[in-house]
Amino acid sequence: MSKQNLRDLIYVNGKEQHNQCFYSYGIEFYEFMSCVHNRPENLVLLKHKFEGTQWNNQSRLDYVTSEEVDHLIADYVYDYGDFCWVDFETGDTLDKLTKLQIAELLTFAHLSEPLHEIPKARFAYYAHDDGWFNKLYVSDLEDYKILLSRVIVSKLHRLTRRIMENIPDDIAALLLESTKEGLFIDFSKIVKSRASISVPVTTVGHYLDMDKVYEFRDEITEYKVWLTYSNRKWSFAKAS
């Protein structure tokens, strides 16, 4: 999947939101890094094919810092297959990892789940076929709320070439809440006029099989709620 041919569907399964965990389809790595608030720049790469890493001898783990992260974002991450990383705060963090913490990281990379608690600053990110399947642990739900709302605006902008304001906090909060029921947004069904842009929003339940999720775009023939941008304001509108 190239950056030019963006995925025009977002699905987020937030059933495990109480554990600060989200499963998603449609958010690629470069979109994540472009839209996340205060982009992380120190990443331990646990599964990857990136050739520009540094090596920490104490933990025996690959990592990148701000010097390499732009090159990682520009790389063809889809070709990695599995791609897994966690972020860390400072350079000596990796030197201080205990054997148990290293085991947590390796277990997350292998099974996409922690033994107990993944040592991370903010994010633990596991993806397969960039943008097809992502499992993300966050330290702060506010980070995911901002990320999701910004990705939606980014996709709409790139598909319509319209300039839009950020989604306000109250609507972003409703979108985050909707992930608990399986938020589904189909950008292939955008309706636009000179005055407005609308995209259908619904919930479809909890799935980990993204092949099944993708089939919903053909199965759903009617949407009751649309996310609409008009007169420089965002709102939810019921289908007429």
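No experiment lies behind these values; they were computed from the predicted model shown.
Between Phe187 and Arg7, the closest side-chain pair of non-hydrogen atoms is not below 4.5 Å. Counting heavy atoms from C-beta on, the side chains of His37 and Glu142 never come closer than 4.5 Å. Side-chain contact between Leu147 and Val138: absent, with no pair of heavy atoms (C-beta onward) separated by less than 4.5 Å. At a threshold of 4.5 Å between non-hydrogen side-chain atoms, the residues Lys145 and Asp169 count as touching. Annotation: side chain of Tyr23 is not in contact with side chain of Tyr207 (no heavy-atom distance under 4.5 Å). Contact check for Asn42 versus Thr93: no side-chain heavy atoms found under the 4.5 Å cut-off. Between Asn56 and Leu97, the closest side-chain pair of non-hydrogen atoms is not below 4.5 Å. Counting only heavy atoms from C-beta outward, the side chains of His48 and Thr53 approach each other to under 4.5 Å.
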(message) Let's go through Glu222 and Lys224 carefully: what are the C-alpha distance in whole Å and the side-chain angles of both, what is the deciding distance for salt bridge (Lys or Arg N to Asp or Glu O under 4.0 Å) to 0.1 Å, and is it a yes or a no?
(response) CA-CA 7 Å; Glu222 182 178 359; Lys224 296 181 180 180; over 6 Å; no
(request) Would you check, one step at a time, whether the test side chain to side chain donor-acceptor pair (under 3.5 Å) holds for Ser178 with Glu181? (result) CA-CA 6 Å; Ser178 296; Glu181 303 301 326; over 6 Å; no
(message) I'd like to know whether Arg122 forms a salt bridge (Lys or Arg N to Asp or Glu O under 4.0 Å) with Asp87, so could you lay out the CA-CA distance, the side-chain angles of the two residues, the decisive distance to 0.1 Å, and finally the verdict.
(response) CA-CA 7 Å; Arg122 293 163 64 201; Asp87 67 322; 5.1 Å; no
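Scanning both residues, Ala121 and Ser139, for their nearest heavy atoms gives O-OG, 3.2 Å.
Asp130 and Tyr30 share no side-chain donor-acceptor pair at under 3.5 Å. Defined by atom type and a distance below 3.5 Å, a donor-acceptor pair is missing between the side-chain atoms of Tyr137 and Gln20.
Both the sub-6.0 Å distance and the 45° axial angle are satisfied by Lys212 relative to the ring of Phe216.
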